Amino acid sequence: MRIQELLGVDLPIIQAPMAGVQNSKLALAVSSVGALGSIPCAMLSHDALRAELSHIQSQTQAPINVNFFSHHQAELNVERDAIWRRTLAPYFREYSIDSDALPEGPSRQPFSNTVADILEEFRPRVVSFHFGLPEKALLARVKAWGATVLSTATTLEEALWLEANGADAIIAQGLEAGGHRGMFLSEELGLQVSTYSLLQQILARVSLPVIATGGIVDAKGVSAALSLGAAAVQVGTAYLLCDETNTSTLHRQAIKSNRSHKTVITNLFSGKPARGIVNRVIHELGPISELAPEFPHAATAITAIRQQAEAQGCSDFSPLWCGQNTTGCKEISAAELTLELARGVEV
Ligand SMILES: Cc1cc2nc3c(=O)[nH]c(=O)nc-3n(C[C@H](O)[C@H](O)[C@H](O)COP(=O)(O)O)c2cc1C
């Protein structure tokens, strides 16, 4: 089956779900020209999720991909958290923050039965997961209404695991990709490979359709990925400046600046590795810290500093998620960008 039939869309192009910078407005714009729009749901409350799904239902019959995290939610390790707060103490002092009285960081609950209850009311055609897949019974609930299930692999081993455990298509996320790495079997960053290498490694061993993602920003990139055998592409970073995103002014400034090519994989902002533009806190602490609490608990302390800094117009502590290739980022409508990308698809 062609991937367009599996996903219910005309174009083999998926707008990547991007938590924190977009909602259904971007997804609907992308969907309006025949590609698959996505909404990131990992940080939505149950009420907000229901509101987004109702809004989409009122606007379109076309499928929209709903995206969730399926990580194992670690308990907060109080000792490690205290060490982390001590590491960040100079910044707390700089911004006069009481590190003993921090509000909890942004919620990132894994996919759950409660969320599946809400989805069942709407029966979305495409559901994607980052960080593996939910446990078997929960995944079976999603598949029971006929959803196509996508999940991200960052290594060949992860792709083989996803194939054996119920994914319908695999998103091959290369090292270039912006945002969180979907890695779930190994934490070994040194084993992560670039998009085209990963795509070909997976295609050689897996029979499911493979969607290439990471560093694909224009028609030439789309064409290259498809000619290497990708069934579709997923594009994130290129959409970050589009009119329909909520990318903050500071984030936009960083993407448009002459430092946008300086991205690294860092765990400082959430506890899991993610790619973003280098800023002061990454520069001073180093991108990867053994001391950062486990995902998502690392977010609590740094978010408190980030909020104070951002209020002063400073992105020194902001997660400036961004892929390695920003050459396709344009301040145009998402429909225009999607149609530009579509020129890379042979018809
Ligand atoms: C700002 C940002 C936020 C992201 N958030 C998510 C997310 O919530 N869920 C997800 O599955 N992937 C997320 N990603 C990763 C994308 O799905 C995709 O792997 C990546 O954007 C592809 O690389 P590119 O940015 O070079 O196009 C995010 C990426 C970015 C840039």
Side-chain angles (χ1 to χ4, degrees), residues 13-23 26-27 30 36-44 49 52 65-71 106-111 126-133 149-154 158 162 167 170-184 192 194-196 198-199 210-218 221-222 225 230 232-242 245-248 250-252 254-255 260-261 263 265-266 269-270 272-277 295-296 299 318-329 337-338 341:
I13 296 175
I14 304 173
Q15 163 252 314
M18 295 186 286
V21 300
Q22 59 122 159
N23 56 27
L26 179 67
V30 169
L36 184 65
S38 304
I39 53 166
C41 304
M43 293 170 81
L44 296 182
L49 173 61
E52 276 285 69
N65 167 34
V66 292
N67 171 259
F68 297 91
F69 290 173
S70 41
H71 58 286
S107 150
R108 291 178 173 108
Q109 293 297 322
F111 190 73
V126 185
V127 181
S128 72
F129 295 102
H130 218 43
F131 313 129
L133 287 170
V149 170
L150 316 177
S151 183
T152 295
T154 66
E158 287 175 349
L162 292 174
I170 290 167
I171 303 163
Q173 188 193 35
L175 194 51
E176 298 92 325
H180 280 95
R181 311 228 25 87
M183 41 204 305
F184 60 95
Q192 300 278 295
S194 61
T195 301
Y196 294 145
L198 180 64
L199 173 65
V210 184
I211 299 155
T213 200
I216 300 170
V217 299
D218 55 19
V222 171
V233 296
Q234 177 168 291
V235 176
T237 294
Y239 282 103
L240 283 173
L241 298 183
C242 282
T245 64
N246 300 326
T247 311
S248 71
L250 290 171
H251 198 167
R252 282 173 180 268
I255 294 164
S260 72
H261 63 291
T263 66
I265 293 176
T266 176
F269 297 101
S270 70
K272 271 192 188 293
R275 183 177 291 284
I277 297 171
F295 183 88
S318 309
L320 302 169
W321 300 146
C322 184
Q324 284 182 327
N325 189 357
T326 53
T327 59
C329 295
L337 181 67
T338 307
L341 293 166

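Below, each value reflects all heavy atoms present in this structure, side chains not excepted, and no hydrogens, waters or symmetry copies. On a predicted model such as this, the values are computed, not experimentally measured, just so you know. Each ligand, and each atom within it, is numbered from 1 in the order the structure gives.
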Undergrad: Do side-chain atoms of Q234 reach the backbone of I171 as a donor and acceptor pair under 3.5 angstrom?
TA: no
Undergrad: Just to confirm my output: which protein heavy-atom neighbour is closest to atom 19 (O) of ligand 1, and how far is it?
TA: Q173 NE2, 3.0 Å
Undergrad: Which residue owns the protein heavy atom closest to atom 17 (O) of ligand 1, what's the atom, and how far is it?
TA: Q234 NE2, 3.1 Å
Undergrad: N/O of T237 under 3.5 Å from N/O of ligand 1, yes or no?
TA: yes
Undergrad: Has the side chain of T247 got a donor or acceptor atom that lies under 3.5 Å from a matching backbone atom of L240?
TA: yes
Undergrad: Taking 4.0 angstrom as the limit and counting only heavy atoms of F69, give me the atoms of ligand 1 inside it, by number and element.
TA: 7 (C), 8 (O), 9 (N)
Undergrad: Can T213 be said to touch ligand 1, with heavy atoms closer than 4.0 Å?
TA: yes
Undergrad: Hey, is the main chain of F111 close enough, under 3.5 Å, to the side chain of S70 for a donor-acceptor pair?
TA: no
Undergrad: I need the nearest protein heavy-atom contact for atom 27 (O) of ligand 1: residue, atom name and distance, please.
TA: G236 N, 2.9 Å
Undergrad: Please state which option from P40, G179, P17 has its nearest heavy atom closest to atom 13 (C) of ligand 1.
TA: P17
Undergrad: Does F129 have a heavy atom less than 4.0 Å from any atom of ligand 1?
TA: no
Undergrad: Yes or no: does A42 have any heavy atom under 4.0 Å from an atom of ligand 1?
TA: no
Undergrad: Could you label the plane-to-plane angle of the F131 and H180 rings as parallel, tilted or perpendicular, counting under 30° as parallel and over 60° as perpendicular?
TA: perpendicular
Undergrad: Is the shortest side-chain heavy-atom distance between M18 and W321 below 4.5 Å?
TA: no
Undergrad: Among all the protein's non-hydrogen atoms, which is closest to atom 4 (C) of ligand 1, and how far away is it?
TA: M18 CA, 3.4 Å
Undergrad: Just to confirm my output: which protein heavy-atom neighbour is closest to atom 15 (C) of ligand 1, and how far is it?
TA: G178 O, 3.3 Å
Undergrad: Can you pull out the closest protein heavy atom to atom 26 (O) of ligand 1? Residue, atom name and distance to 0.1 Å, please.
TA: G215 N, 2.8 Å
Undergrad: Can a donor-acceptor pair be found, under 3.5 Å and without considering hydrogens, that links the side chain of R181 to the backbone of G174?
TA: yes
Undergrad: For ligand 1 and A19, I'd like to know whether there is a polar contact (N/O to N/O, distance under 3.5 Å).
TA: yes
Undergrad: Is T152 in polar range of ligand 1, meaning some N or O pair under 3.5 Å apart?
TA: no
Undergrad: State which residues pass side-chain hydrogen bond (donor to acceptor under 3.5 Å, both in side chains) with S38; sequence neighbours excluded, sorted by chain then number.
TA: N65
Undergrad: On a heavy-atom basis, I'd like to know which of N67, I39, I255 is closest to atom 11 (O) of ligand 1.
TA: N67
Undergrad: Please confirm whether Q324 comes within less than 3.5 Å of ligand 1 when only nitrogen or oxygen atoms on both sides are compared.
TA: no
Undergrad: Quick one: side-chain contact (heavy atoms from CB on, under 4.5 Å) partners of A153, sequence neighbours excluded?
TA: E158, A159, L162, I170, I202
Undergrad: From F184 CZ over to L133 CG, what is the distance, rounded to the nearest 0.5 angstrom?
TA: 6.5 Å
Undergrad: Tell me which part of H130 gets within contact of ligand 1: side chain, backbone, both or neither, using heavy atoms under 4.0 Å.
TA: side chain
Undergrad: Check for a donor-acceptor pair, side chain of T326 on one end and backbone N or O of C329 on the other, with a separation under 3.5 Å.
TA: no
Undergrad: For atom 1 (C) of ligand 1, what's the nearest protein heavy atom and its distance?
TA: W321 CB, 3.5 Å
Undergrad: side-chain contact (heavy atoms from CB on, under 4.5 Å) with N23: which of N246, I39, L44?
TA: N246
Undergrad: Applying side-chain contact (heavy atoms from CB on, under 4.5 Å) between I211 and each of L150, I13, L199, report the one that passes.
TA: L150
Undergrad: Which ligand 1 atoms, with their elements, are less than 4.0 angstrom from a heavy-atom of G214?
TA: 22 (C), 23 (O), 26 (O)
Undergrad: Please state which protein non-hydrogen atom is closest to atom 16 (C) of ligand 1 and give its distance, to 0.1 Å?
TA: A16 CB, 3.7 Å
